[in-house]
Every structure is written in structure tokens, then in C-alpha cells.
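One structure is given here, and the rest of the page talks about it.
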Amino acid sequence: MARRRYWMSSALLAASLSFLTACEGQISDAANPRNPGSGGGNPDGTNNPPPAVEQPARSVRVARLTHAQWVSSVKDLLKLDAAPTALAQTFRADPSQSGFLFDNDARALSVDEALWGAYQRAAADLAGQVATDATKLGKLLPPGSTTDEARAKAFVESFGLRALRRPLTTDEVEAYLALYRKGPQAYPTMAAFQGGLRMVLEGFLQSPLFLYRVERSTQAADGKVPLDSFEVASRLSYALWNSMPDDALFAAAREGLLSQREGVAAEARRMMADPRARGVVDAYHQVVFDVPRYGRILPNPTRFPNVTAKLAESAAKENALFVEDVVFGRKGRFSDLLTSRDTFVNDELARIYGLTGTFTSAFVPVTLDGTQRRGVLTQVGFLASHATSVDPDPIHRGVFLSEHLLCQKIGAPPANIPALPAPNGRTNREVVASHTEGPGTVCASCHATLINPLGFPFENFDAVGGYRTTDNGHPVDASSSPGIGGQKVPVKDALDLADALANAQAVHACYARHWVEFLSGRPAVAEDDALVQRLGKLSQAGQLSIVDLVVEVVTGVGFVNRHPEELP
């Protein structure tokens, strides 16, 4: 019986794959459109570079759901009380894409035999759970139909709209009804109607049109392919919620409201006010601020006897509460993340921050000492995770700032670099400088100009993020002149550096670039530069909150249109 069910599901799968092939086959009709201006020069006859124009970048037209998106989509599609996280844990892990910060790069998301088998088992499990539970099935059945066949057709049309994230074609409805009619044969011990719907559910959950986000639009105009309303809805929902569209977003697509920027903006703002957006915003900042690295915080217990094994957990919690408060509580801007003194602490963090008063394991809002702290870079999480077990680590602090806040990639260090020598009475800064900035050495080119100047301003903070003014008996020197936006900016300490970063357009542009990558599920490319620079200027000028910035990305030309050529 299991073999027969597998064959019937595969028959529908073949039809879906055939549809995908036909869809992909249309790409050549719109690919490589003639560009009258491609011969060089400008229409005015000059050779000056034309003004930057916001435009779509090449992307993948058939993007597989990430495992997190599969979990949330299944929960919302089947209206489950709990997410099927355990089933997703049986999926093989997706490979990371080199050079890309996030885990949603569509180029790296494929389906091999192992994952396909896991999808099949999950589909059978979920379909069985729903079809054999009257309450669960009742949540999915549309009202008003009389005969079982009519009810099945209504179910295929309503459920299919949500599963494939667009209205089904007549042929697709008939294909799923044919699958429904196989129910009594596949599940003879079940009532015919429930057995048929179980087959239909299995078919939808195994369909590539559910497992992938498919963009079928191919008609190019002015060098871009406008997405239809349902494709825009799907892009919005997976960007802002990491899940399928809800009923309101489907209604906006059906009514044509997503064909205009104002309609897309209105839906984006509604979605950003939904609790589901908070998880996406947190996921973005976890990567940009490298919060997973907090798990590596392991201070030496002899040097730091008052620090517990829960410091890493506390630091991650502080970061999450801080980001959520800035973005949603205060409707704040990116500069607030870099300069705000307001945060959340428990008893352990309060000790490190030197706060007086009574604190418990519960997190409470506080305002930190403005002469010592300013923004996320002076919080315990960043400082302690970029440190050894006993000393600050200006090298990794500097690399982080260069790569994550300035979008300046640092090359891999040469092999066989010896460990830092013992201090022998020197400060941590003196040890690092002498070891990495020797004139003529292979290390000096990066460390003296790119890395150390960004890391040394944090020398006022020890290996757990505690504030200090002396190191090994010597006054701390936290002054530096890091390169920010192509200019050397003298700073006397981390507070100066936080202000300098918050005032630099290059830093705001880097933050916007990360958002473009995250929301689009691909690395940023030259076509994104105009948007990134525009958002960087507006953000640096204080004209965009973080929510505003996100809305600008998802209403931009590059988000609601597709490039005529797709990525291979």
C-alpha cells in the first residue's frame, strides 16, 4: 500500500515538475533583451557615467524554502497549534554559501535524494495527522459545499491557493481531484472523503510548487520583469515573516493592490507590525552582530571568579531584548543600535556593568554609564565573544567591525601564524601591535591599517566586557585612527568610535546592504548599489527608522521586479 501511495504522489510530482520545466523554458523568450544603450556612451553623446538607477539584479526564479521557512509554512498552511520542528530536524543540513552571511542564499538550496526522502516522510506524517483528526481537518475545509466531490473541489481550490501561493489552474485542480479519487484505494480503512483528502494533502506537501517559491512571470518591460501580485505577496511574506502569505496578503494580491508601490508599502507596514516580523528582525541582527559567537564565551574562572557559565546565555538575551526594544519599542534607527545607553540586564550582567542596586535573574531595563558605554559594541556580548579566556582580542574585534559594519572583507591570514607571546610586563595592545605590525611583515599590511585601528578602541574592556582603565599595571591606551568610509578618523576610545561609526554613511550603507541581501536571499551585486547608497544616505541623515529602511527595500524596484536573466 505504501508503494502504491508513493507512485500516485510521484505522478502528481511529475506533473508539477513538467509545469516547472515549461515555466523555465519560457525564460529564453525574455532573456537578453535588446538594450539600445548598450553600445557605450550616453544619449546626450557624452562619456560621463549615467546617474545610478535602481534596478533588479539577476536572481533564482525557483528558490527552495529554507528549513525554517518550511516549518513556518507548514504550521500556517495546516493551521497547526505547534510548529513541526521535530520533522524538520530529520532534514539534512543545508550547506553555507562562502562569503554570504545569511543562510537563505537560494543558490545553495537544493534537493538531493536524502532531503527528498525526508520531505516525503514528513508529508505522509503530516497528512495522516490532519486527515485523521476531525478538528484539524475542519480548520481547513471551506464551508458551503454539499456532495463529497464538491467539498473536495472546494478544498483543492482553497487549500491549493494557500499551498502554492497562487490560484490553481483548471488542469491543476483536475489533477488533484484525480488524486482525491484514489483515496479509497490508498486508504481502504478510512472513510472515502478523509482518505481522498489525505492523498491530496500528501500531494500538495510534496509538490515542488510548495517546496519552492516559483516566479513564473516572464514578460520584460524596460529591462525588468514585473512580478505578478501573488509573486510579490510571496516575496513579501518570506522576506518579512519567513512564511507563506496570510489571508489579508492573499486578498491584497487578488484585488491588485500589490501592483502599486503604495499597496506594497501598506502591506509591508502591516506585516512589520505583526509579531512574526520580530523573529525575522531578530534573525537578521543575530547574524549581523554575530550573536551565535556568544556561545563561545568561556572566561577563565581563576581570572574572573564572579562570572558564571550562563554568561553567554545572558549576553544573547540582552542583545535580543535590546534590538527588539530599539526597532519596535522605540521605532529607532540604526544609529541607535550603535549609540544607545539603554539596555536590559540581569544580576550577572549588572555586576559586569558595575551597576548598583538589587538585581535578580530577571531582565530589567537600565541606562548604562554614558562615560563608559554606548551601543551594542560596548555591551558584554560583543566584547566577551571577541576575547580570549583572559584578555581582550582587538584583532577579532577589528575584523568584525571591518566585515560586518563596514562591508570590508579581510583576507584569510597566512598559515602557521604563531600565537601571541606572553605580555612580559606589556599591555595587551603592545603585545598585539608588536606581533602584528612589524615593518615589512606580511601581517602589517592588514593589521596596521584595517584591523588593529578598529580593535584598539575597545581596550578599555576586559575579556568579559568589564570596564578598565589600566592593563597589566599600565594606563590603557584606546586611541586610534581607523579608516571609515575612506578616511582616517581619530578617536580616543570606543565611545568616540561608536559615534564615528554612527555618523558614517559607509556604515549605514553597509547595514542597508546586509538588509538587501537578507530580504532578497542572495549576495548584493552592482545592480543593488543605487538602492544601497540611497538608503545609506537617508539612514545616516536620520530620515529612516529601521522599519522604514526595511519597507524601502521591499518596495524597491529590485524587489517587486525580476531581472530578465536568471541566475544559473
Side-chain angles (χ1 to χ4, degrees), residues 16-17 19-21 23-28 30-32 55-73 88 91-116 118-119 165 207-218 220 224-225 227 231-232 234-244 280 283-284 286-288 292 403-404 407 409 412 510 512-529 531-532 553-554 556-568:
S16 298
L17 288 173
F19 177 83
L20 276 177
T21 303
C23 171
E24 292 178 344
Q26 296 173 4
I27 297 175
S28 60
N32 303 312
Q55 54 189 318
R58 290 198 305 158
S59 60
V60 173
R61 285 183 60 198
V62 181
R64 203 209 78 205
L65 302 185
T66 67
H67 296 338
Q69 289 170 347
W70 182 91
V71 168
S72 54
S73 295
F91 298 171
R92 62 109 172 100
D94 284 323
S96 60
Q97 190 74 5
S98 177
F100 190 63
L101 283 180
F102 306 100
D103 66 356
N104 63 343
D105 187 346
R107 301 171 305 167
L109 301 175
S110 60
V111 177
D112 57 14
E113 185 176 352
L115 183 55
W116 173 236
Y119 280 148
R165 302 172 287 271
S207 171
L209 302 177
F210 167 69
L211 298 171
Y212 288 82
R213 293 186 294 111
V214 180
E215 294 176 350
R216 304 182 301 164
S217 299
T218 58
K224 53 185 178 289
V225 178
L227 300 176
E231 291 165 349
V232 172
S234 193
R235 278 201 179 187
L236 278 175
S237 67
Y238 283 100
L240 303 183
W241 286 347
N242 224 26
S243 187
M244 59 175 282
V280 170
Y284 165 84
Q286 286 233 348
V287 174
V288 171
E403 295 190 338
H404 285 242
C407 291
K409 295 297 292 182
C510 180
R513 178 187 176 94
H514 290 323
W515 269 117
V516 170
E517 293 181 322
F518 180 71
L519 296 171
S520 303
R522 57 167 177 78
V525 292
E527 288 87 348
D528 299 308
D529 288 349
L531 173 64
V532 167
V553 174
V554 300
V557 172
F559 193 87
V560 299
N561 295 275
R562 187 175 55 74
H563 195 283
E565 299 178 22
E566 68 170 311
L567 287 174

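Just the heavy atoms: all of them, side chains too, but no hydrogens, waters or symmetry mates, feed the values below.
For Ser243, the side-chain hydrogen bond (donor to acceptor under 3.5 Å, both in side chains) test picks out Asp76, with sequence neighbours left out. With sequence neighbours excluded, the residues that form a side-chain hydrogen bond (donor to acceptor under 3.5 Å, both in side chains) with Asp105 are Arg107. Asn561 is linked by a side-chain contact (heavy atoms from CB on, under 4.5 Å) to Pro56, Lys224, Pro226, Val557, counting only residues two or more places apart in sequence or in another chain. Not a single side-chain hydrogen bond (donor to acceptor under 3.5 Å, both in side chains) links Trp241 to another residue, sequence neighbours left out. Residues that satisfy the side-chain contact (heavy atoms from CB on, under 4.5 Å) test with Leu227, not counting sequence neighbours, are Glu215, Glu231, Val232, Arg235, Arg562. Taking the ring-ring contact (aromatic ring centres under 6.0 Å, His included) definition, one finds that His404 meets it with Phe400, sequence neighbours left out. Under the rule for a side-chain contact (heavy atoms from CB on, under 4.5 Å), the partners of His514 that lie at least two apart in sequence or sit in another chain are Leu101, Phe102, Tyr284, Val288, Cys407, Cys510, Glu517. Remark: Ser72 engages no residue in a side-chain hydrogen bond (donor to acceptor under 3.5 Å, both in side chains) (not counting sequence neighbours). With sequence neighbours excluded, the residues that form a side-chain contact (heavy atoms from CB on, under 4.5 Å) with Val71 are Ala83, Pro84, Thr85, Ala88. Listed by chain and residue number, nothing satisfies the salt bridge (Lys or Arg N to Asp or Glu O under 4.0 Å) test with Arg165 (two or more places apart in sequence, or in another chain).
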inquiry  = side chain to side chain contact (heavy atoms under 4.5 Å, CB included), that's the test. Do Phe210 and Trp70 meet it? Break it down for me.
reply    = CA-CA 9 Å; Phe210 167 69; Trp70 182 91; 4.0 Å; yes
message = One pair to check against side chain to side chain contact (heavy atoms under 4.5 Å, CB included): Phe559 and Leu236. What are the steps and the verdict?
response = CA-CA 9 Å; Phe559 193 87; Leu236 278 175; 4.1 Å; yes
ask   = Does the side chain to side chain donor-acceptor pair (under 3.5 Å) test come out yes or no for Ser73 and Tyr238, once each step is laid out?
value = CA-CA 9 Å; Ser73 295; Tyr238 283 100; 2.7 Å; yes
ask   = Are Val280 and Phe518 close enough, and set up right, to give a side chain to side chain contact (heavy atoms under 4.5 Å, CB included), and what steps lead you there?
value = CA-CA 10 Å; Val280 170; Phe518 180 71; 3.5 Å; yes
inquiry  = Assess the residue pair Val111 and Leu211 against the criterion (side chain to side chain contact (heavy atoms under 4.5 Å, CB included)); give the C-alpha distance rounded to whole Å, side-chain angles, the decisive distance to 0.1 Å, and a yes or no.
reply    = CA-CA 10 Å; Val111 177; Leu211 298 171; 5.8 Å; no
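Taking both residues in full, the closest heavy atoms of Pro523 and Phe100 are given as N-CE1, 3.4 Å, listed atom of the first, atom of the second, then distance. Residues Leu519 and Ala239 share a closest heavy-atom pair of CD2-O, 3.5 Å.
Residue Leu209 holds its CG atom at 8.5 Å from CZ of Arg216, rounded to the nearest 0.5 Å. Taken to the nearest 0.5 Å, the CG atom of Asn104 stands 7.5 Å off from the CG atom of Asn242.
For residues 520-529, the pairs satisfying side chain to side chain donor-acceptor pair (under 3.5 Å) are Arg522-Asp528, with sequence neighbours left out. Residue pairs meeting the salt bridge (charged side-chain N to carboxylate O under 4.0 Å, His left out) criterion with at least one partner in residues 63-72, sequence neighbours excluded, are Arg64-Asp94.
Annotation: side chain of His67 is in contact with side chain of Leu115 (closest heavy-atom distance under 4.5 Å).
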